[in-house]
Structure formats: C-alpha cells, structure tokens
Q: 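Let me give you the structure first, and then I'll get to my questions.
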Amino acid sequence: MTATIRKPWYIAAQQRAVRAFNASSEPGDRGAMLRELCRLHGGYLDLSGSEFAVTDNDLVNLPRFGLKRVTVPGSDALIIDDAEVLPIAGLSDVLRLDPTPRQTYSSACADALLLRHSPFDRYRAPTQKAAIRALATMPDGATLLATLPTGAGKSLLFQLAPLLASAPGTCCVVIVPTVALALAHVDSLRTIPGLEASECIYGDQDQATRSGIYNAFGRGEVPVLVLSPEVALGAARELLIEAAQDPSQKLPSLDAHLTTFFVDEAHIIESWGRSFRPDFQRLPGLVDALRDSNPALRTVLLSATVNEAARVELKRAYGAAEFLAVEAKVARYEFDLVHARIETAAERDALLVRLIDRLPRPAIIYTTLVNHAERLHDAIKANGYKRLALFTGQVDDGTSRLRIVSDWRAGNIDLVVATSAFGMGIDKDDVRAVVHACVPESPSRYYQEIGRAARDGNQALALMLWTDDRGVAGDWRQARRLWSGGWLRPAMMLKRWRAIVSAADALGESTIVAGMRRLVVPLDAAHEDLAAGDTDYNRDWNRSLLNMLQRADAITIQATESRGDVPVWHVDIREPLLLDAGENDAYWAGIADLRMKERSAALSDLNNFKAAIFKPQICVSAAIFELVEAGSPLVPPCGRCAYCRGRGIASPKLDDIHFEGLDRRWPHSLGESGLRPGVSILHPSRDDGTISDDLIEGLIGAGVEQFIVQDHLAGDFAHRLVAFACRYGLVSSHADVQGDWRPALLPTAVFIDGQSRVERLIERIEGWAAANPAQRLIVIAPPETAVRGKPIVNILSSSAPTSEAALRAFVKEVLPQ
C-alpha cells in the first residue's frame, strides 16, 4: 500500500474561494471572498498573475472588509489591515489563518468487513471501529447506542447495515429530524455501491413519487429508507410493520426485510423532544410495534453527544432487550471559541451585519426565532450579499429546501442564516465559522450546532453574540422560556386527560390490544373550560400531556394519523389508574413532580452553561462538554477559548486524547468453531515472523473471525483477509490491546513473534480467558516463546501445542465442509 499524500487543507479552501469570487457579482460577496483569500494566504494576497480579476469597484470597497492594497515596484498585493479594532476581545487574533491540522484523534486499522463493504481503508477513529464491530456482532432484538464526535463517521453504521447482510431484500430505516439531513444522507448513500437505490420521504413530494418509493421499498428494492418521525409514525407505519415481518409470511412480491431501525440525532428524545419535534418521543411506540412484527429487529441510536438524562431516557424507551452503549466521550478541539455580551439585541444585530464582511467562509448564522432569522437574512442581503440563503422551519417547500442543501454542499452559497432546522448532520466538511446571534436554549444545542463546522479537522470559528438586558428581549431569558417550557398543574392534567378519554369514547374506535386498552384519540379533545378558537393551543397542550405520560411509562403512543385537518393518535394504556374514575390526586401529583424535576434539571443545565461562558472557572470547551456528555472524564483544555488564551494554555496533543467505548461488547459468544473453549497454542511452520495464506485459511476454516497481529502487519493483514471466506475478519494490532480494548466474544487468533511485547500480551490473554472461559483463543507463537522463565504453553494452556499441519487436518477431517 502506498501512502496518500494530502495537500494542506487551506489549498483546497483557496481554490474554493477563487471559484466563489469569480462566480460573485455583488460587492459583499466579492469583498468577503477577497478577505477570505487574503486570510487563506496568511494575510498577504499577491494579485499579480492571479486566477481572478479585481475590479476598480472591488478596490474602492477594500476598507470595508479590513483590506489594504500594497503596491511597490514589481508587486501588487492585498494585506489584512484591521485598523478599526474589532469590538470583540480576541476576535482579531483568531481570524488569522492557522494552517496546522487540529483534529485530535487518530484513525484505526480497518477490519476485513470495512474493506469489503465500503470505500474506506481505515476507520476514522477508534470508537467508530468499536461501534461498527458492535453493529456487525449485534444480537437479535438488541439496542445499540453509539455516540461519536461530529465528523467521526456515525453515518457509516447505517451505510454498512444492509451491506453486512447476505439475504436479498435486507433493508434498514433511518429516522432523521430535518429534511435537510434526510436529503444529505440520501445524496451520500447513493454514491455507495449497493446503496444506489436508497430513498427518502419528505413533506412536499407529490403523491405519485411517494407511492413509487413505498412500492419499491415493499418489493425490497430500497436498501436504506430515510424518514422523518412524523412520516414513520403516520403514512409509512403499516409499510414498515409489514417489511419487518418474517419473509415467509408475506406475498412473494413483497421481498423487503427490515432488520435494523436507526434513530439519528437520538439525543432529541430527551431535549428538543419535549416541545420541538415531539414525535421523537413517540418513536419508541413504533419500535415496540415493529418488534411485535419481528422480535429480531435491531435498534441503533446515533448521536454526537448524549448527556446522562438522555442516556437514561434512551435506555428506558428503547432498551426492551439487550442494550449496549459505545460512547467515545471525546471533545472537539478544532474551534476558536469567542463569546461576547452585547448591550441590546439591536446593537448585536447591527454588529453582526458588519462582522459578516470579515468572517471566514463558508459560515452559518444561527438564531432561535424564525422572524429574527428573516430579519438578519434581509439585512445581510441588503448589504450586498447574494450567495446566501435563509433556512428555517417555515421554509416548507421541499424544492426550496432541496435547492438550498444542494447549493450549500456544492459551494454555490457561502452563508446560511438559519434556525436549528438547518445543518444537523449534513456532511459538509469545510464550514469555517458558526455564529450564534442568540443563546441556544441548551448546552446540547450549542455544542451540536458549532459541530457543523470543521468536520475536516481544521481551524474554525465558533462565535456567540448574546444579550442579557433586563427587558423581555434578553437572550438568556428567552432561552430559559424555551428550554423549561410551560407545565400543567395536577388538576389541569386530570381535566385534560378526562377530555382525551371522553373524546376517544365518542369516536368509538378504542380496542384491546395485547391485553391493554388502545385509545384512538382526536388531538382536538377539549375540556369544558377551553375557549373556542384555541385549536392549535389546545393540541399543543394535549401533545405535551401525552408525551409526559409516555415518559412516565403510563402510556405508549403507537401511531399517529391525520383525518382531514385533525391529528389522531393511537395510545396504549399501561397504567390502569389512568382509567380509574376516581380523582387519583396522588398519582397526578407524581406526574407533575416528574415534569418539575425535568424542568429543574433543564434550568440547571442552562445556568451552568451561562456560568461556563460568562464566568469561566476552567476551559470553556471542557466545561460545556461536561454538560453535554455528563459522566465523561475531565477532558483536556482546548487551548482556544478565552480562558485558555488568557492563561497561555496550549491545545492538546494527539497522545492527550483518550477514546472510550473500546471495551464495550455484547456479552454472548458468537461464531461457530470446532476449537475447544479456552486457550490453545499453535506453533507456526515459518520462523521468519510472516503469516502464510495457508495458516490464515486454516484458522478461518476452524471458525476464527478475529485476529490480533503485530503492529506493522495489521493494515496489510486486513486487506489479505478480504479474499478469504470470513464473515467479519476483525483485525487489531498489539498496540490496540494494550489499553481498554477487549476482543469480541468470537473465536480469536493472537499472533506473537520474537519482537512482540510478550509479557503484556500474555497478561491480556490470561485476563480474557479468565473472564470468559467459553471463549476460544488460539495463540500462534514460536516454540521458544517464554515469559517469566517459562514456556507460554505452561502458562496459558493445559493441552499440548499443535501445528499448522494438525490444524489443516482438523479442518479437513473433523469440521463439516
């Protein structure tokens, strides 16, 4: 294998900026790109012989963008000249180019399954490797939670899931929170051999297109179907349940076999799911229905970060069978973090419009409210910008959403003004700035949104401009209202619940399913005190109450549908007290207490977020990461926030970063093997430290699916395994197993030679064998290998060593062919 020589990241960025400049006609776009080109050239842009033509109008506008022309004999150049000091401490410094790559984690050696089913020759990160292994060896009916830093490759899990199965028609469903993310995922999936027919369903597709996709999915022709939770719970629900059924129970033409259900950005169930996109809270009911149809269905939950409350809720909601969490717990270190308090919202917005002229590109401007996003977009556009877009939840035209996402990914626009509806998970790796013109309502939202930048592992700016005035416009006050939400007192909960039951009785469609009463409820159910004309208000409170009851395990929301303009929910009653005619004051007080505890925890998170930014006692990045990934070890300081810059704290080195999740595995033995349980010793025929194809073939014939080899052999060994008839072909190096790593419970071969760190390896093998006596471990080592003054056979095995010839004879004569 020859190493790929990569150009410095800023070379590609320079080329992109040239294309953007040449495609620009407006003075704002052209000036901002000249500024970006100058920054990307280290602050000095030689105009002589350049690939772009600077006009007289461009030169007139230079001061606006902090640029100055320098002309001397034989040279004509632009330099950055921020003579007008930017009114934010530290901003000028971080706007300078840092050409050094900032990604703080190393890649990991491939397994044969990765090489066989993907275009990648290495894993992006150690925990990505652990997560893919957990997916490949996942038991039927289990749930896997995988959290990886943004850019570390969560999407690979659902890209590989249908490819790892050999049965025709195998497919998976991916639930995503935004149309933008659905479109981005499908664009990427269609570039992968075997996944070209992947599809997504979104709101503005015409009925003929939707019907065609549904029919193709039912026939088993769509390997990955990407859906919103609303579509999955509504129009697609019965189709998914049918696809999950045993193939032998379906008509011959219906070949789809749904084996894995993915929930992307799964943290939403605990945070945004309380009010924004509450259908995420109703997904567990759909999963229960799918498991009824197919008990072997696997569920995979994906996120960049999961705090303790989300982790508990995800396990409660989805972990009906075995549950395994593979969590990296690694912070991002690519960002220069800058936070500034501005007196009023009007001053903040005016400053931001000026700063747009000097911010790195591409960039995203986030705010919380749709009307604020619209005002900012209009103000920026009026300042001479055309290569920008507005993306909010109100942009509900599917064609417009698709065009914005496509233009953003293709580099046809450089700036997006958005609410949280944009950017989640979109695979654009060269975003260089994320600006918050607001206070996000939670540290999780903030961390997720700055994570849209620097996916390529290089420099990016994370800037937050916030107000904290005493008026109603204060950003912290607004965030408190959004995050904590409203709540119902026990008496009102009971009154609303009785109205819901009464409306279900009037509809007359309730049934008994699996011993539980299933209510079919029009969401317009209204109690007698509600004023006329409050339909939307009433529905929101009914949704809030039903979601609260589901989090309390009192009900399960199985499905939603629309009957005309009226949403109708199918609700299974798990708590008999809900149907008791008595007052049950104590029960409803308990439900209210649960809501108050959630509200208090949310406000505590927000207060800690504010303290981390406004009065930092430690690294701002580390403090925020602790809030969004609670239970993590204290991560190294970032070296790039105001706290670190003020104290001269350096950014972390590669050796400072510790990935977790490498010891996570399913607790059951996997794979068929004729090898006896415990440790066996095999003496290789060769004594030169190489591994022959005959030996590999013999080991695979005996059922070995996991190989631990010398560091210098690992990469090539994985490539060699692709040609053999192994299902997994998992490969780890000696260096991998020195830390927290544990092998999957598969038949495993460990190669040791004269250069190996024998004593440490022997200790690890002894530990594995003691912890799992049924695991089959075969150690391939020269006869003279010894440790602690004894041959290793005397330490590891109670039986005599075997030879390659004996192994081949065993495979040929004993094992079924």
Side-chain angles (χ1 to χ4, degrees), residues 1-4 103 105-138 144 146-149 151-166 170 172 174 185 188-189 191-196 198 223-224 259-260 262 298 300 302 324 326 328 427 429 659 661-662 664-666 670-671 691 696 699-700 704-737 741-744 746-749:
M1 294 171 55
T2 56
T4 301
Q103 193 170 79
Y105 49 86
S106 59
S107 59
C109 167
D111 295 314
L113 64 84
L114 179 75
L115 299 171
R116 187 177 288 134
H117 298 295
S118 84
F120 307 114
D121 62 1
R122 291 185 68 82
Y123 290 103
R124 290 190 188 179
T127 306
Q128 186 195 37
K129 182 174 184 173
I132 293 296
R133 289 182 168 191
L135 173 73
T137 59
M138 198 169 175
L144 171 65
T147 66
L148 296 166
K154 296 183 294 295
S155 300
L156 183 62
L157 276 83
F158 58 75
Q159 291 168 3
L160 286 182
L163 300 176
L164 292 174
S166 57
T170 296
C172 69
V174 183
H185 278 334
S188 297
L189 287 162
T191 67
I192 299 171
L195 303 182
E196 297 92 343
S198 298
V224 183
T259 62
T260 315
F262 287 85
R298 301 174 177 91
V300 181
L302 305 174
L324 183 71
V326 179
D427 190 16
D429 65 0
F659 272 81
L662 309 186
R664 307 297 290 156
R665 63 183 182 188
W666 302 104
L670 301 165
I691 303 170
I696 295 174
L699 291 168
I700 291 174
V704 173
E705 284 281 359
Q706 185 166 228
F707 302 84
I708 300 169
V709 302
Q710 296 88 333
D711 296 348
H712 67 285
L713 297 178
D716 180 65
F717 191 87
H719 281 82
R720 292 173 64 188
L721 282 181
V722 174
F724 293 90
C726 54
R727 179 179 179 185
Y728 306 114
L730 307 186
V731 177
S732 297
S733 69
H734 289 178
D736 291 336
V737 307
W741 183 92
R742 290 194 301 167
L746 290 163
T748 300

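Position 1 is the first residue of the sequence; numbering continues from there.
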Q: Could I get the full list of side-chain hydrogen bond (donor to acceptor under 3.5 Å, both in side chains) partners for Arg122, not counting sequence neighbours?
A: Ser107
Q: So how far is it from Cys726 SG to Leu699 CG, rounded to the nearest 0.5 Å?
A: 11.0 Å
Q: Kindly say whether Thr260 contributes a backbone atom to a donor-acceptor pair with the side chain of Arg298 at under 3.5 angstrom?
A: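 Not at all, since once roles are kept as given, no pair shorter than 3.5 Å links the two residues.
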Q: Under a 4.5 Å cut-off applied to non-hydrogen side-chain atoms, are Leu721 and Leu115 in contact?
A: no
Q: How would you list all residue pairs meeting salt bridge (charged side-chain N to carboxylate O under 4.0 Å, His left out) that involve residues 721-732, not counting sequence neighbours?
A: none
Q: Show the nearest heavy-atom pair for residues Ala136 and Leu113, with the distance to one decimal.
A: CB-CD2, 3.9 Å
Q: Checking Phe707 against Ile700 for the side chain to side chain contact (heavy atoms under 4.5 Å, CB included) test, could you report, in this order, the C-alpha distance in whole Å, the side-chain angles of both residues, the deciding distance, and whether it holds?
A: CA-CA 10 Å; Phe707 302 84; Ile700 291 174; 3.9 Å; yes
Q: According to side-chain hydrogen bond (donor to acceptor under 3.5 Å, both in side chains), who are the partners of Glu705, at least two apart in sequence or on a separate chain?
A: none
Q: Give the minimum heavy-atom separation between Ala112 and Tyr728, together with the two atoms involved.
A: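 Taking Ala112 first and Tyr728 second, the nearest heavy atoms are CB-O, 3.8 Å.
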Q: Run the side-chain hydrogen bond (donor to acceptor under 3.5 Å, both in side chains) test against Thr127 and tell me which residues pass, sequence neighbours left out.
A: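 In terms of side-chain hydrogen bond (donor to acceptor under 3.5 Å, both in side chains), with neighbours along the sequence ignored, Thr127 is linked to no residue.
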Q: Are Arg124 and Leu156 side-chain neighbours, meaning at least one heavy-atom pair lies under 4.5 Å?
A: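 Answer no - side chains too far apart.
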Q: Within the 4.5 Å heavy-atom criterion, are Phe158 and Leu195 side-chain neighbours or not?
A: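 They are not in contact (no side-chain heavy atoms under 4.5 Å apart), so the answer is no.
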Q: Name all residues meeting the side-chain contact (heavy atoms from CB on, under 4.5 Å) criterion together with Ala134; count only those two or more places apart in sequence or in a different chain, and write none if there are none.
A: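 Ala134 satisfies side-chain contact (heavy atoms from CB on, under 4.5 Å) with Leu144, Leu324, Val326, Trp666 only.
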Q: Gln159 versus Ser118: any side-chain heavy-atom pair under 4.5 Å?
A: no
Q: How far apart are the closest heavy atoms of Thr170 and Ala165, and which atoms are they?
A: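 The pair with the smallest heavy-atom distance is CG2-CB, 3.6 Å.
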Q: Mark yes or no for whether Asp736, through its side chain, and Ser733, through its backbone, hold a donor-acceptor pair below 3.5 Å.
A: yes
Q: With Arg133, which residues qualify under side-chain hydrogen bond (donor to acceptor under 3.5 Å, both in side chains), at least two apart?
A: Asp111, Ser732
Q: Does a side-chain heavy-atom distance below 4.5 Å link Arg720 with Ile691?
A: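 The answer is yes; the side chains approach within 4.5 Å.
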Q: To check you understand the geometry: which heavy-atom pair defines the closest contact between Cys172 and Ala161, and what is its length?
A: SG-CB, 4.5 Å
Q: Of all the heavy-atom pairs spanning Val731 and Cys109, show the shortest one and how long it is.
A: CG1-SG, 4.1 Å
Q: Considering non-hydrogen atoms only, spot the tightest contact between Asp711 and His734 and give its length.
A: OD1-N, 3.1 Å
Q: Can you check whether Arg665 reaches Thr137 side chain to side chain, under 4.5 Å on heavy atoms?
A: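 No. Closest side-chain heavy atoms not under 4.5 Å.
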Q: Roughly how far, to the nearest 0.5 Å, is the CG atom of Leu730 from the CD atom of Gln706?
A: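 Gln706 CD to Leu730 CG: 5.0 Å, rounded to 0.5 Å.
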Q: Rounded to the nearest 0.5 Å, how far does NZ of Lys129 lie from CG of Leu662?
A: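 If I round to the nearest 0.5 Å, the distance is 9.5 Å.
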Q: If I take atom CZ from residue Phe262 and atom NZ from residue Lys154, how far apart are they, to the nearest 0.5 angstrom?
A: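 Nearest 0.5 Å value for the CZ-NZ distance: 13.0 Å.
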Q: Contact between Leu114 and Ile132 at the side-chain level, heavy atoms closer than 4.5 Å - yes or no?
A: no
